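One structure is given here, and the rest of the page talks about it.
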Number of protein chains: 4
Amino acid sequence: MAAVIDVGILGATGMVGQQFIRLLDAHPWFRPRWLAASERSAGRLYADAATWRLGGPVPASAAAQRVEACTPGQGPRLVFSALDAAAAADIEPAFAAAGHLVVSNARSFRMMPDVPLLIPEINHDHLALIDVQRRTRGWGGAIVTNPNCSTVVLAMALAPLRPFGLRSALVTTLQAVSGAGYPGVPSFDIIGNVIPEIGGGEEEKIETESNKILGELTGTQVTHHAVVVSAHTNRVPVIDGHTMTVSVTLDNAPSATEVAQAMRQWRGRPQELALPSAPPRPIEVLEQPYRPQPRLDADRGTGMTVSVGRIRPCPILGTRFVALGHNTIRGAAGAAILNAELMLADGWLEER
Amino acid sequence: MAAVIDVGILGATGMVGQQFIRLLDAHPWFRPRWLAASERSAGRLYADAATWRLGGPVPASAAAQRVEACTPGQGPRLVFSALDAAAAADIEPAFAAAGHLVVSNARSFRMMPDVPLLIPEINHDHLALIDVQRRTRGWGGAIVTNPNCSTVVLAMALAPLRPFGLRSALVTTLQAVSGAGYPGVPSFDIIGNVIPEIGGGEEEKIETESNKILGELTGTQVTHHAVVVSAHTNRVPVIDGHTMTVSVTLDNAPSATEVAQAMRQWRGRPQELALPSAPPRPIEVLEQPYRPQPRLDADRGTGMTVSVGRIRPCPILGTRFVALGHNTIRGAAGAAILNAELMLADGWLEER
Amino acid sequence: MAAVIDVGILGATGMVGQQFIRLLDAHPWFRPRWLAASERSAGRLYADAATWRLGGPVPASAAAQRVEACTPGQGPRLVFSALDAAAAADIEPAFAAAGHLVVSNARSFRMMPDVPLLIPEINHDHLALIDVQRRTRGWGGAIVTNPNCSTVVLAMALAPLRPFGLRSALVTTLQAVSGAGYPGVPSFDIIGNVIPEIGGGEEEKIETESNKILGELTGTQVTHHAVVVSAHTNRVPVIDGHTMTVSVTLDNAPSATEVAQAMRQWRGRPQELALPSAPPRPIEVLEQPYRPQPRLDADRGTGMTVSVGRIRPCPILGTRFVALGHNTIRGAAGAAILNAELMLADGWLEER
Amino acid sequence: MAAVIDVGILGATGMVGQQFIRLLDAHPWFRPRWLAASERSAGRLYADAATWRLGGPVPASAAAQRVEACTPGQGPRLVFSALDAAAAADIEPAFAAAGHLVVSNARSFRMMPDVPLLIPEINHDHLALIDVQRRTRGWGGAIVTNPNCSTVVLAMALAPLRPFGLRSALVTTLQAVSGAGYPGVPSFDIIGNVIPEIGGGEEEKIETESNKILGELTGTQVTHHAVVVSAHTNRVPVIDGHTMTVSVTLDNAPSATEVAQAMRQWRGRPQELALPSAPPRPIEVLEQPYRPQPRLDADRGTGMTVSVGRIRPCPILGTRFVALGHNTIRGAAGAAILNAELMLADGWLEER
């Protein structure tokens with residue numbers, strides 16, 4: 001793992017694309033050297049083509065690069081996809097067919113049975129679906145996805161609870177506006193307000209993706225976990241960080257202390273491999289009251305840690321708590337980068 | 001009901017006191033003629049003693065009145081109490097003992113078995129506890145309370161569901177900052193943020209008050225309703241209006257349409273009596289997506305209507321929806337005023 | 001003025017169009033009976049064609065009307081224009097040519113020498129330009145405009161200062177997001193933030209429109225007032241109400257008390273005629289510190305009053321103060337309605 | 001400058017105290033080893049005594065220290081003061097008399113003729129007032145102050161303009177809530193709102209402190225600069241970062257390009273000495289439109305850089321622009337730390 005490898009970004013000028021560029025700016029393994037976007041941007045300098053919205057200056061390495069068109073077969077073998085779902089539906093398979101490993105944040109292929117929907121701490125072994133995917137589709141490359149930004153937080157909080165007999169999870173989200181992309185939610189709609197619905201099938205995504213992620217790979221397919229998820233989604237005037245209240249049914253009825261301990265001790269393959277983007281502790285359990293809060297806690301573990309607080313009994317389902325994660329880091333670009341780190345470390349980037 | 005009667009306000013200079021003054025400014029039955037507050041304010045003109053925070057000018061009728069001390073036995077027979085819980089604990093019983101009918105927004109006596117915890121649409125008959133209270137305590141007056149600002153919204157949404165076999169209600173609140181009084185939540189804590197806990201026993205209040213409100217008066221006591229309530233509370237950067245997601249278990253498993261119809265058709269004694277503060281429809285069920293929203297819907301029915309939206313199946317508990325109410329009108333001053341209107345209309349203000 | 005007359009609205013489904021409908025819902029003189037919008041909306045019920053964003057339900061009178069296309073010659077003689085500038089540039093002259101009196105909120109024709117740019121309290125006599133306009137352009141109808149939403153507030157605050165020798169006005173605006181229309185400013189850009197520029201030539205509009213409004217009609221043309229205006233514009237996370245700090249040079253160097261008195265005593269033709277939308281006092285001078293504030297004061301005079309506070313000496317220009325007005329009422333739809341009321345009262349709606 | 005020296009913090013548990021602790025956590029020269037606060041906190045562990053409000057965990061080095069009382073003569077020679085003005089008025093002179101070098105953020109002594117009011121890039125030579133102070137007052141130690149959080153930003157933007165003949169500066173501030181300390185501004189007052197006044201003499205501070213800072217030390221006293229400053233202050237719902245619009249009169253009437261160049265090229269002694277907290281460029285001039293913005297630009301130069309944008313002609317005063325600085329870093333704790341770094345590097349911490 002000595003050499004730095006070149007990577008590409010599909011949809012590099014958009015909001016998620018900018019997050020990839022920011023997070024990869026000083027990455028020890030990956031160097032973004034091929035920035036692709038729509039025809040409208042192609043040929044222009046990145047600094048001119050992208051309206052940089054993330055604070056501070058455009059990373060110098062990206063600023064001077066010329067934007068490419070999204071042409072399959074061009075660019076590095078490993079490409080991150082920050083495309084929206086509509087564009088991803090066509091472009092990602094074309095790149096996979098042309099031999100690229102597409103590490104995607106788009107929702108288009110997440111629920112395909114042969115596509116890994118990955119949270120490396122939970123289901124790193126689902127990467128074996130890559131071989132299924134290649135066989136089935138005849139691709140030289142592959143598509144690997146990360147979950148919806150709310151699902152990531154929920155699934156990580158639930159993963160350590162599986163040994164307790166996880167049966168159901170009723171979640172209410174309070175989601176940040178950055179989750180809606182750009183321009184996203186009009187300020188007239190959300191300043192001093194709450195919008196009690198996210199739209200775009202958000203609740204359905206949360207209610208189905210977790211089952212695949214928490215599921216078990218047996219042979220060539222993933223048996224979905226049986227947990228029943230119910231999601232109420234809300235938009236709140238917060239910039240970054242999805243907060244959620246969660247009530248869970250656990251067959252073994254553990255105490256709050258046991259739940260906290262299980263979350264605190266939980267580690268996964270990224271921690272074992274000490275991947276560059278892996279937080280030392282995937283979940284931090286906060287003891288202080290009134291926490292976690294998005295503005296204070298979303299950045300823990302450079303945005304890759306899920307914070308949990310207020311673990312206590314629920315008079316209806318048994319156990320309840322609050323969970324919080326950074327929706328554009330652990331919930332989007334950072335998630336994809338961690339996926340790619342795992343793929344590199346576990347040998348999936350080698351030619352086969 | 002021809003004559004306008006004089007009423008007093010305890011704690012008239014604070015935030016809730018100001019809401020009483022605003023709502024009573026043009027009230028057809030009640031005229032606030034006795035404004036009492038702490039020793040510090042007593043003797044000063046109301047306009048000088050109170051820092052008016054509600055927009056527009058101080059109502060002229062109140063501005064020129066001289067603030068009184070909270071001396072039991074002085075002032076009108078009917079007094080509204082906007083005192084905080086600590087002050088209410090001592091002052092309200094003293095007023096009741098001195099013959100006043102104290103219509104209180106404070107939490108101090110809500111759960112006392114002989115004190116009505118009133119939502120007139122739901123349990124107007126609980127006013128009969130006044131007689132119990134007088135007998136037990138030897139008071140010439142009485143204390144009548146309204147619920148916590150979140151409980152009101154929840155209890156109103158649940159009331160029409162009792163015929164379906166209401167067994168449990170899991171609620172997550174997104175509460176406005178006006179619910180914390182003044183100065184309340186520091187702006188540094190809440191701008192662009194969520195605080196996933198309200199403090200002050202808010203969750204416990206929500207989890208117990210509903211049972212009393214929805215309970216049945218049999219003889220001289222209220223048998224609490226058996227519904228199990230679980231509450232996750234959150235503060236959000238909203239000025240007025242508590243939003244809540246609710247999942248409920250209903251034994252009869254009604255369809256979303258049946259739930260909506262039950263809520264829409266629900267009326268109570270305030271509507272029957274056409275009380276001045278009674279909204280024509282206590283609950284409005286909104287069909288539009290993305291609703292109800294606090295900034296757009298909290299003022300429905302001049303703040304006395306609870307708005308419900310997104311009624312749909314819950315994969316865990318059976319039925320779920322969003323509810324919203326104005327926390328300082330239906331959830332505080334307006335609630336107390338409606339209570340007093342009911343008391344006047346039903347003869348409880350007459351000397352006995 | 002006994003009879004209610006029918007009026008039309010161009011661009012009725014947009015944000016400003018909705019404001020017209022809300023403000024005209026119970027108007028004593030005008031009844032919106034012809035709601036026109038783009039081809040896409042034409043033929044649909046208004047309630048279906050417009051996504052209502054203003055709180056509460058769609059006014060019933062409008063909800064059931066069928067949306068018309070913007071066809072000149074159809075609809076009532078008096079039409080309000082809520083069109084954006086691009087659409088207005090073509091459509092408004094076509095309607096004026098077809099005999100309509102177009103009372104417009106768009107910026108397209110404001111600075112044309114033969115088009116009244118009206119604030120009825122200041123320059124009601126500029127309506128005489130209608131005759132010039134008709135002669136010059138051969139129109140049966142005419143276009144009458146109201147100023148930019150920031151200019152209105154500034155010009156009203158400056159008008160009573162002309163007798164003191166008004167020489168210059170340096171203004172910094174803090175503008176609400178509703179001024180940007182819908183979807184307007186993305187929430188990601190403005191939550192917890194300030195954008196120190198409005199764009200779209202806002203500063204230039206403020207720096208030129210005031211001179212025309214404050215100017216004198218002599219014969220057939222307006223001699224612009226010589227005041228030099230400098231505008232710094234900012235967007236802030238406020239829903240409604242443009243706040244501005246203003247420093248002015250006044251040759252006569254009046255005291256703060258004299259300035260306050262001049263503003264307080266200032267009245268215009270709308271007050272004289274007691275027009276329905278005319279606030280009793282066009283300017284309210286607030287004595288309290290920390291005022292005016294948009295959330296507390298923008299609604300004064302049902303949004304038609306400009307609030308001024310903190311009048312005090314400026315060590316550089318001589319006098320300074322804070323001004324505030326409701327940008328979508330006095331600064332847009334309400335302004336146009338007041339213009340039309342003036343036109344009706346002063347006989348400009350009669351056939352000539 | 002090899003060895004790390006111990007420093008103390010007066011008022012270590014408050015908001016500014018926490019900022020000192022955060023900024024000093026990994027400081028190459030200073031190690032906070034003596035954390036003093038009120039009697040109420042003394043004796044407790046810092047982690048218990050302080051409610052940490054700055055995001056992330058309490059720095060481990062501070063967490064385990066026991067809080068001391070503010071007893072003069074105890075603790076290190078160099079102490080930072082995060083006291084509020086009332087406490088500072090008594091405590092700081094007592095510490096200076098006891099031999100401490102008090103590097104203070106409080107306003108109490110800023111305008112004393114023998115106390116340096118320091119912005120190291122501008123007036124590092126004013127440190128010579130320390131000798132005057134000691135002689136006059138007979139102190140072994142001394143008090144050195146940094147300016148008000150708005151003044152810092154303004155004075156830095158004005159400093160490079162002195163060669164152009166700086167005559168007047170008319171500034172309107174849009175200030176973040178963190179400038180008000182904690183609990184500071186109630187959220188009920190500022191969400192979706194603007195408060196057009198800061199209170200506490202803020203405008204007077206801005207209008208007088210700049211003159212001292214920009215003044216010239218001649219012999220034993222500072223001749224104040226003659227620039228006339230006029231300040232309109234506003235509070236806006238922003239967490240960190242004071243934005244201000246500035247119009248200036250410059251006798252030489254430079255072009256916007258010349259002004260930009262002067263600001264860009266401006267360097268001071270901190271840059272010359274490469275002090276640890278010195279930003280490479282004290283002022284960054286941004287070319288992009290709509291900038292600087294507090295949420296995107298306040299952190300430039302780790303909060304020590306002032307950002308300037310929109311330099312353009314002002315039709316009244318000649319030149320105008322927007323300036324922005326981080327009010328709790330460059331405007332408070334970071335300013336004091338830079339002052340102390342300068343004092344150490346220039347030999348003022350040595351015994352004399």
Side-chain angles (χ1 to χ4, degrees), chain B residues 13-19 22 50-56 82 84 149 174-200 233-243 293-299 326-329 331-333, chain D residues 13-19 22 50-56 82 84 149 174-200 233-243 293-299 326-329 331-333:
Chain B
T13 55
M15 191 83 150
V16 179
Q18 296 185 17
Q19 286 149 357
R22 188 172 64 82
T51 304
W52 189 255
R53 305 190 191 283
L54 297 186
D84 60 33
C149 52
L174 293 84
Q175 303 187 214
V177 298
S178 61
Y182 193 87
V185 185
S187 56
F188 184 79
D189 287 342
I190 195 67
I191 289 175
N193 203 16
V194 163
I195 306 176
E197 184 171 359
I198 296 293
T233 55
N234 297 280
R235 187 76 70 191
V236 292
V238 165
I239 291 296
D240 289 319
H242 288 358
T243 309
Q293 295 175 18
R295 224 185 56 231
L296 298 184
D297 297 308
D299 284 333
H326 196 300
N327 56 298
T328 69
I329 301 179
Chain D
T13 55
M15 190 83 150
V16 178
Q18 296 186 15
Q19 286 149 357
R22 188 171 64 81
T51 303
W52 190 254
R53 305 188 191 282
L54 297 186
D84 60 33
C149 52
L174 294 84
Q175 301 186 217
V177 299
S178 61
Y182 193 88
V185 185
S187 55
F188 184 79
D189 287 343
I190 194 68
I191 290 175
N193 203 14
V194 163
I195 306 176
E197 184 171 358
I198 296 293
T233 55
N234 297 279
R235 187 76 69 191
V236 292
V238 165
I239 291 294
D240 289 317
H242 287 358
T243 309
Q293 296 175 18
R295 224 186 56 230
L296 297 184
D297 297 307
D299 284 333
H326 196 300
N327 57 299
T328 69
I329 301 179

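On a predicted model such as this, the values are computed, not experimentally measured, just so you know. Protein chains get the first letters and strands the later ones, always in sequence-line order, with residue 1 at the start of each.
- Between P183(D) and P186(B) the shortest heavy-atom distance is O-CB, 3.3 Å.
- Taken to the nearest 0.5 Å, the CD1 atom of I195(B) stands 8.0 Å off from the OG atom of S187(D).
- Both the backbone and the side chain of I191(D) come within less than 4.5 Å of a heavy atom in chain B.
- Looking at every heavy atom in both residues, F188(D) comes nearest to I239(B) through O-CD1, 3.8 Å.
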